[in-house]
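Since we're looking at a predicted model, the values are computed, not measured.
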Amino acid sequence: MTSDFLKYQAQTTPHPLAMEISHAEGCYVYDTNNKAYLDFVAGVSACSLGHRHPKVVNAIKDQLDKYLHVMVYGEYIQEPAVQLAKLLAQHLPESLECTYLVNSGTEAIEGALKLARRATGRSQIISAHHAYHGNTMGSMSVMGYEERKQAFRPLIPDVDFITFNNKEDLNKITPKTAAVILETIQGGAGFVEPYDNYLTKVRTRCDEVGALLILDEIQPGIGRTGKLFGFEHYNCIPDILVTGKGLGGGMPIGAFSASKAMMHTLQNRPKLGHITTFGGHPVIAAAALATVKEIVESDLMPQALEKEQLFRKHLVHPLISEIRGRGLMLAALTPSAEIANEVILKAQNRGLILFWLLFEPKAIRITPPLTITNDEIIKGCKLIIDILDEISS
């Protein structure tokens, strides 16, 4: 299988981890030798409720017995998609009452950028240095990392950049700006949180000049930071909210939410301003609906903040300079990329899944399922500390 994987399936890096998967359950992934791996990554923040959560699996099975894809998005009334959009509206501010369901986070970013330009009649988009919003052409255009973009230029025009958490840069937001797009917590940059009311100040500046604020919650959203959406921590409500990853409970999904009036601009002049064949797919929407219901109806969100403190308590070591992030969106910073690499690779060999961040090579990603237990946290942390002890000895 490994040779076929390398021969027939396109790769993203020269050296994929190439673990051959047999099955997954709860907070564990199993290889074809039936070796168990404790999952501290959750499919890069996507498997909010762990692997094959019974409520998600049952929702999928129930929908499979009814219908699969029947029509392009937005034409037929399909209960799972309607109920998902309604549930999101019930847990969002009134100004984010209407949701457009798509297939992935990067597609949701594309829709949000189009919506901002269409609603304002302006073209300039302002993003942040070291931002990551996806890898399609529009999303790549607002990526703040030139090394990853250069080979694919020209990208979409009229995109400018500010520095996250830099208040002086807010003057670059002007009456020419259609939208400012920011991650609520910068993911690829190293799980960098806004501080000193930064997002509130961005919100104020956008209001002053008539620009829209897009917040990318693809990674921090859906309970991972201890609230359903990360922006709830920072006294800032966006005009357009983008979600994905954890929304699907392990199934592929993206969504962008805005006011009904704003979303209406995609219906006319031209009609079909944004379209998708498989967006709102009934099986995916059923999985997402079950996921969100479980997160909002359980105590998983307050637990995420308690579990954060458990990680911080047990990940104390001279080679860990800082634990960044909030809730179960955490990154352990080491002195060098070499040390981070060694920890991640040795951990996999010993049955613990860790991973990298895109633009911060010294960081170790820790984004387990929200359902991880305290004992599993302590077990995984001990293994990390043991590896760091070996490195430092």
Worksheet entry | Parallel, tilted or perpendicular: ring planes of His274 versus Tyr100, cut at 30 and 60 degrees | perpendicular
Worksheet item: Ignoring hydrogens and geometry, is there a side-chain-to-backbone donor-acceptor pair from Thr200 to Asn235 under 3.5 Å?
Response: yes
Discussion item. One pair to check against salt bridge (charged side-chain N to carboxylate O under 4.0 Å, His left out): Lys346 and Glu342. What are the steps and the verdict?
Written reply: CA-CA 6 Å; Lys346 283 186 173 180; Glu342 188 170 352; 2.8 Å; yes
Discussion item. Could you measure the distance from the CE atom of Met19 to the OG1 atom of Thr2? Nearest 0.5 Å is fine.
Written reply: 12.0 Å
Worksheet item: Does atom CD of Glu20 have more than 12 heavy-atom neighbours, drawn from other residues, nucleotides or ligands, at distances under 6.0 Å?
Response: yes
Worksheet item: Does the pair Glu208 and Arg205 meet the rule for a salt bridge (charged side-chain N to carboxylate O under 4.0 Å, His left out), with working shown?
Response: CA-CA 5 Å; Glu208 289 172 352; Arg205 180 59 181 166; 3.2 Å; yes
Fill in: Parallel, tilted or perpendicular, as decided by the 30° and 60° cut-offs, for the rings of Phe40 and Phe311
perpendicular
Worksheet item: Does the salt bridge (charged side-chain N to carboxylate O under 4.0 Å, His left out) test come out yes or no for Arg148 and Glu146, once each step is laid out?
Response: CA-CA 5 Å; Arg148 297 286 180 94; Glu146 186 59 29; over 6 Å; no
Discussion item. Strictly distance-based, threshold 3.5 Å: is any side-chain N or O of Glu360 a donor or acceptor partner for the main-chain N or O of Lys362?
Written reply: yes
Fill in: Transitive ILVMFWY cluster of Met1, excluding itself - 4.5 Å side-chain cut-off
none
Response to the item:
Across all chains, not counting sequence neighbours, the side-chain hydrogen bond (donor to acceptor under 3.5 Å, both in side chains) partners of Lys382 are Asp386
Discussion item. Tell me whether Tyr76 at atom OH has more than 12 heavy atoms from other residues, nucleotides or ligands lying less than 6.0 Å away.
Written reply: no
Discussion item. For Ile173, is there any backbone N or O sitting under 3.5 Å from a side-chain donor or acceptor partner on Thr177?
Written reply: no
Item to complete: Using the side chain to side chain contact (heavy atoms under 4.5 Å, CB included) rule, take Gln267 and Leu272 through it: C-alpha gap first, then chi angles, then the decisive distance, then the call.
Response: CA-CA 6 Å; Gln267 297 179 12; Leu272 306 175; over 6 Å; no
Discussion item. Apply side chain to side chain contact (heavy atoms under 4.5 Å, CB included) to residues Tyr30 and Ile21 and explain how you reach the verdict.
Written reply: CA-CA 6 Å; Tyr30 297 81; Ile21 303 302; over 6 Å; no
Side-chain donor-acceptor distances from residues 313-328 under 3.5 Å, at least two apart:
unit_1, atom_1, unit_2, atom_2, d
His317, ND1, Leu319, N, 3.0
His317, NE2, Asp389, OD1, 2.8
Ser321, OG, Leu333, O, 3.3
Glu322, OE1, Arg324, NE, 3.4
Arg324, NH1, Gly190, O, 3.4
Arg326, NE, Glu193, OE1, 2.8
Arg326, NH1, His233, ND1, 3.1
Arg326, NH2, Glu193, OE1, 3.1

Worksheet entry | Polar contact flag, side-chain donor to acceptor under 3.5 angstrom, Glu217-Thr184 | yes
Worksheet item: Under a 4.5 Å side-chain heavy-atom rule over Ile, Leu, Val, Met, Phe, Trp and Tyr, are Phe191 and Val44 clustered together?
Response: yes
Worksheet item: Looking at side-chain heavy atoms only, is the closest gap between Tyr132 and Gln219 below 4.5 Å?
Response: no
Worksheet item: Quick one: are Leu38 and Cys27 in side-chain contact, heavy atoms under 4.5 Å?
Response: yes
Worksheet, complete the sentence: Separation between CZ (Arg117) and CG (Leu212), nearest 0.5 Å, reads 12.5 Å
Response to the item:
Between Leu68 and Pro282, the two heavy atoms sitting closest are O-CG, 3.1 Å
Discussion item. To check you understand the geometry: which heavy-atom pair defines the closest contact between Ile253 and Gly248, and what is its length?
Written reply: CG2-N, 3.4 Å
Worksheet item: Got a sec, which residues hit side-chain contact (heavy atoms from CB on, under 4.5 Å) with His51, two or more places apart in sequence or on another chain?
Response: Ala24, Val29, Asp39, Cys47
Worksheet item: Is there a path of hydrophobic side-chain contacts, each under 4.5 Å between heavy atoms of I, L, V, M, F, W or Y residues, that connects Met251 with Val70?
Response: no
Worksheet entry | Closest heavy-atom pair and its distance - Gln63, Ala286 | CB-CB, 4.0 Å
Practice prompt. Any chance you could measure Thr225, atom OG1, to Leu305, atom CG, to the nearest 0.5 Å?
Written response: 7.0 Å
Discussion item. For the residue pair Glu390 / Ser393, report whether a side-chain donor-acceptor contact shorter than 3.5 Å exists.
Written reply: no
Fill in: Residues forming a side-chain hydrogen bond (donor to acceptor under 3.5 Å, both in side chains) with Lys167, sequence neighbours excluded
Asp196
Item to complete: Let me know which of Lys172, Lys176, Gln124 forms a side chain to side chain donor-acceptor pair (under 3.5 Å) with Asp160.
Response: Gln124
Fill in: Residue pair Tyr37 / Asp31, side-chain donor-acceptor N/O under 3.5 Å
yes
Discussion item. Please tell me whether Thr136 and Thr106 have a donor and an acceptor in their side chains that are separated by less than 3.5 angstrom.
Written reply: yes
Worksheet item: Can Asn34 and Ser22 be counted as having a side-chain donor-acceptor contact under 3.5 angstrom?
Response: no
Fill in: Any donor-acceptor pair under 3.5 Å from Asp216 side chain to Leu182 backbone
no
Discussion item. Return the CZ to OG1 distance between Phe355 and Thr367, rounded to the nearest 0.5 Å.
Written reply: 10.0 Å
Worksheet item: Taking Thr276 for the side chain and Val102 for the main chain, is one N or O donor matched with an acceptor at less than 3.5 Å?
Response: no
Worksheet item: Looking only at heavy atoms, which two atoms of Thr277 and His69 are closest? And how far apart?
Response: O-CE1, 3.2 Å
Fill in: side chain to side chain contact (heavy atoms under 4.5 Å, CB included) evaluation trace for Val192 with Ile185
CA-CA 6 Å; Val192 178; Ile185 298 174; 5.7 Å; no
Discussion item. Checking the side chain of Arg203 only, and the main-chain atoms of Ile237 only, is there a donor and an acceptor separated by less than 3.5 Å?
Written reply: yes
Item to complete: State the CD-CE distance between Glu97 and Met262, to the nearest 0.5 angstrom.
Response: 10.5 Å
Item to complete: Verify, without hydrogens or angle tests, whether Glu232 (side chain) and Phe229 (backbone) share a donor-acceptor contact under 3.5 angstrom.
Response: yes
Practice prompt. Might you confirm whether atom CD1 of Ile77 has over 12 heavy atoms from other residues, nucleotides or ligands at distances under 6.0 Å?
Written response: no
Practice prompt. Spell out, as yes or no, whether a donor-acceptor pair under 3.5 Å connects the side chain of Glu110 to the backbone of Gly138.
Written response: yes
Worksheet item: Among all residues two or more places apart in sequence or in another chain, which pass the side-chain hydrogen bond (donor to acceptor under 3.5 Å, both in side chains) test with Asn341?
Response: Trp356
Discussion item. Is it the case that the side chain of Ser127 and the backbone of Val142 share a donor-acceptor pair, with hydrogens and angles ignored and the cut-off at 3.5 Å?
Written reply: yes
Worksheet item: So, His130 versus Phe359, ring centres under 6.0 angstrom or not?
Response: no
Discussion item. Checking Ile284 against Phe278 for the side chain to side chain contact (heavy atoms under 4.5 Å, CB included) test, could you report, in this order, the C-alpha distance in whole Å, the side-chain angles of both residues, the deciding distance, and whether it holds?
Written reply: CA-CA 10 Å; Ile284 308 299; Phe278 289 115; over 6 Å; no
Worksheet item: For the side chain of Ser141 and the backbone of Ile156, is there at least one donor-acceptor N/O pair under 3.5 Å apart?
Response: yes
Worksheet entry | Approximate separation, where rounding is to 0.5 Å, of Leu300 CG and Leu49 CG | 6.5 Å
